[in-house]
Amino acid sequence: MAMQRFATRRALPARDLLRWCRSFSQPAHRESVAENFDAPTLKLPPFDYSPPPYTGPSAAEILQKRKQYLSPSMFYFYDKPINIVDGKMQYLFDENGRRYLDAFGGIATVCCGHCHPEVVSAIVNQSNRIQHSTILYLNSAIADLAEALAAKLPGDLKVVFFTNSGTEANELAMMIARLYTGCHDIISLRNAYHGNAAGTMGATAMCNWKFNVIQSGVHHALNPDPYRGVFGSDGEKYAKDVHDLITFGTPGRVAGFISEAIQGVGGIIELAPGYLPAVYSTVKKAGGLCIADEVQVGFARTGSHFWGFESHGVVPDIVTMAKGIGNGIPLGAVVTTPEIAEVLTRRSYFNTFGGNPVSTAAGLAVLNVIEKEKLQENAHVVGSYLKERLTALKDKYELIGDVRGRGLMLGVELVTDREQKTPAKVETLRVMDQMKDLGVLVGKGGFYGNVFRITPPLCFTKEDADFLVDAMDYTMSKM
């Protein structure tokens with residue numbers, strides 16, 4: 001019944017028609033919308049960059065090679081996948097030179113902007129000297145980045161171990177917790193995603209990301225989801241479930257608790273207020289360590305804080321990070337205290353590429369750019385503005401069930417019935433595909449695949465925010 005309201009096309013307000021008349025910075029034919037999609041003259045904000053002509057293989061040729069030579073598990077977005085060949089700051093370009101607004105940021109990875117000149121310069125300069133040796137020799141890049149990261153973290157979180165990815169970082173963090181405490185049991189949250197290796201797949205709690213392999217010693221607590229959760233926004237009620245899990249599902253002692261402050265893959269779920277302080281207290285009483293997974297939410301993305309856990313007023317024992325730390329370069333890290341870090345000396349633990357000179361040089365450049373260009377402040381200002389505009393869109397279309405998140409980590413959940421919160425899976429794909437035709441790339445996530453994940457580079461502007469919302473507005477008006 002609710003969906004009948006979307007059958008009628010809406011009249012476009014005059015202010016929206018004016019906004020859709022913004023001019024292109026590229027020739028109009030290069031950024032026109034796809035054929036067969038009746039759209040207004042919705043135009044990207046001006047941008048002073050044109051990519052060089054592309055002379056490589058076409059999208060069709062690449063797709064054929066993918067099907068022939070790459071794993072069939074590798075999926076792609078859109079009915080007609082696009083061939084991205086260039087990137088500059090918050091924009092991407094396809095093989096035909098068409099410009100797109102990147103509102104996904106390579107899955108919350110590109111924080112400074114695509115091909116940021118200072119990050120590129122750091123990578124090139126380091127590559128011209130030495131690309132790789134080993135941490136068995138000395139190199140300033142790894143030490144400088146470790147020092148800079150330690151300066152951004154509270155308390156005694158001063159010891160860094162570099163990895164290549166978020167999965168590796170979370171695997172190592174879970175192993176450290178088990179070694180330090182002498183316990184095996186770890187508590188994670190339902191709807192969580194922490195990686196796809198043996199240990200992290202156990203901590204991940206969505207069946208579509210879990211294979212039928214041994215995943216022992218992980219208990220999944222009720223997810224403190226203010227939108228779909230059984231206790232709404234009452235964080236302390238959800239926290240009692242962790243206490244009960246420890247009491248009835250473990251020997252009474254645990255290795256640790258791992259969570260994101262905002263679940264990324266799970267659909268941009270911001271944990272209910274009061275939850276983390278209560279759970280951290282419970283876990284510590286049971287002898288466990290608290291692990292903050294900052295792989296997606298960290299590095300100024302929330303705007304209000306540099307790290308997601310800071311917004312909850314807690315200090316973890318271990319922090320894991322990746323994605324934004326390298327602006328697209330494969331890099332991850334685990335940061336903990338000197339006392340806890342000591343457990344890795346019991347045996348030899350080594351990572352060939354963890355702390356690679358090129359990767360760590362890029363990581364240090366990323367931290368410098370975030371500081372120099374005040375990207376945390378921009379994430380807060382632009383993110384707040386974007387959330388306001390998306391919330392206004394929610395008031396206009398009942399297809400939008402919830403708008404959530406903070407800074408430039410925002411989620412828009414689509415439902416066919418607001419009361420039942422029925423996931424609008426088909427509608428999500430349709431809106432996403434047509435927004436691409438209009439020049440906006442967004443991600444999607446959540447267990448049901450009905451949540452738009454908006455995690456753009458932190459150099460996103462208010463004009464970009466307007467363009468994104470206008471594109472979503474127009475697309476939904478045609479539903």
Side-chain angles (χ1 to χ4, degrees), residues 66 70-71 73-78 81-84 87 89-92 100-116 119 163-170 191-197 200-201 204 206 208-209 260-270 293-302 308 320-333 359 362-363 366 375 379 383 386 404-413 428-429 432-433 435-436 440-460 464 468:
R66 276 181 62 139
L70 295 177
S71 169
S73 68
M74 294 176 61
F75 56 88
Y76 49 81
F77 281 161
Y78 309 117
I82 51 178
N83 180 19
I84 297 297
M89 303 310 287
Q90 67 269 44
Y91 297 107
L92 294 170
Y100 296 87
L101 176 62
D102 181 12
F104 197 25
I107 316 180
T109 297
V110 179
C111 61
C112 299
H114 293 282
C115 297
H116 190 287
V119 179
T163 66
N164 305 293
S165 69
T167 291
E168 274 192 342
N170 284 331
N191 199 58
Y193 180 89
H194 295 291
N196 55 11
T200 50
M201 191 178 292
T204 293
M206 288 184 279
N208 48 345
W209 294 105
E260 301 169 274
I262 301 178
Q263 293 177 337
V265 175
I268 316 296
I269 307 295
E270 192 168 9
D293 180 342
E294 293 283 325
V295 170
Q296 292 196 37
V297 75
F299 290 88
R301 180 158 293 281
T302 65
T320 62
M321 57 194 75
K323 292 187 181 289
I325 188 176
N327 201 53
I329 289 291
L331 180 62
S359 297
V366 166
L375 294 183
L386 175 55
R404 53 183 179 254
R406 63 172 61 202
L408 287 174
M409 190 167 184
L410 301 175
V412 178
E413 180 159 354
T428 300
L429 290 173
M432 186 176 174
D433 213 68
M435 285 182 68
K436 180 261 294 181
V440 180
L441 306 180
V442 296
K444 73 178 182 71
F447 179 75
Y448 302 104
N450 67 318
V451 181
F452 289 129
R453 295 167 66 188
I454 301 173
T455 55
L458 305 188
C459 53
F460 216 64
D464 296 322
L468 184 156

Which residues satisfy the side chain to side chain donor-acceptor pair (under 3.5 Å) test with Glu168, sequence neighbours excluded?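 Testing Glu168 for side chain to side chain donor-acceptor pair (under 3.5 Å), a comparison that skips the adjacent residues, returns Asn164, Asn351.
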What are the two closest non-hydrogen atoms of [X] and [Y], and how far apart are they?
X: Met432; Y: Val442; answer: CE-O, 3.2 Å
X: Cys111; Y: Asn327; answer: N-OD1, 2.9 Å
X: Ser165; Y: Ala322; answer: C-CB, 3.8 Å
X: Phe460; Y: Leu386; answer: CE2-CD2, 4.3 Å
X: Leu101; Y: Asp464; answer: CD2-O, 3.4 Å
X: Ala379; Y: Ala300; answer: CB-O, 3.6 Å

query: Does the side chain of Asn191 reach to within under 4.5 Å of the side chain of Met206, using non-hydrogen atoms?
result: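 Touching, per the 4.5 Å side-chain cut-off.
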With a 4.5 Å heavy-atom cut-off, do Val119 and Val366 have their side chains touching?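 Yes. Closest side-chain heavy atoms under 4.5 Å.
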Between [atom1] on residue [X] and [atom2] on residue [Y], distance to nearest 0.5 Å:
X: Thr302; Y: Leu408; atom1: OG1; atom2: CG; value: 9.5 Å
X: Leu458; Y: Met409; atom1: CG; atom2: CE; value: 11.5 Å
X: Ser71; Y: Arg66; atom1: OG; atom2: CZ; value: 10.0 Å
X: His194; Y: Thr200; atom1: NE2; atom2: OG1; value: 9.5 Å
X: Cys115; Y: Tyr91; atom1: SG; atom2: OH; value: 15.5 Å
X: His114; Y: Gln90; atom1: NE2; atom2: CD; value: 9.0 Å

Q. Given the rule in the side-chain contact (heavy atoms from CB on, under 4.5 Å) test, do Arg301 and Ile262 qualify, once you have shown the distances and angles that lead to the verdict?
A. CA-CA 11 Å; Arg301 180 158 293 281; Ile262 301 178; over 6 Å; no
(message) I'd like to know if the side chain of Glu294 and the backbone of Gly308 have a donor-acceptor N/O pair within less than 3.5 Å.
(response)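 At least one qualifying donor-acceptor pair exists.
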Would the distance check show the side chain of Asp102 and the main-chain N or O of Leu92 forming a donor-acceptor pair, the cut-off being under 3.5 Å?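 Between the backbone of Leu92 and the side chain of Asp102 there is no qualifying donor-acceptor contact (under 3.5 Å).
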Contacts of Tyr193 meeting ring pair (Phe, Tyr, Trp, His ring centres under 6.0 Å) (sequence neighbours excluded), chain-then-number -> Trp209
What's the verdict on side-chain contact (heavy atoms from CB on, under 4.5 Å) for Phe77 and Leu441, showing C-alpha distance, side-chain angles and the deciding distance?
CA-CA 10 Å; Phe77 281 161; Leu441 306 180; over 6 Å; no
In a table with atom names and distances, give each donor-acceptor pair under 3.5 Å that connects a side chain of residues 443-455 to protein atoms at least two apart or in another chain.
from: Asn450; atom 1: ND2; to: Glu413; atom 2: OE2; distance (Å): 3.3
from: Asn450; atom 1: ND2; to: Leu414; atom 2: O; distance (Å): 2.8
from: Arg453; atom 1: NE; to: Gly264; atom 2: O; distance (Å): 3.3
from: Arg453; atom 1: NH2; to: Gln296; atom 2: OE1; distance (Å): 3.0
from: Thr455; atom 1: OG1; to: Phe104; atom 2: O; distance (Å): 2.7
from: Thr455; atom 1: OG1; to: Ala108; atom 2: N; distance (Å): 3.4

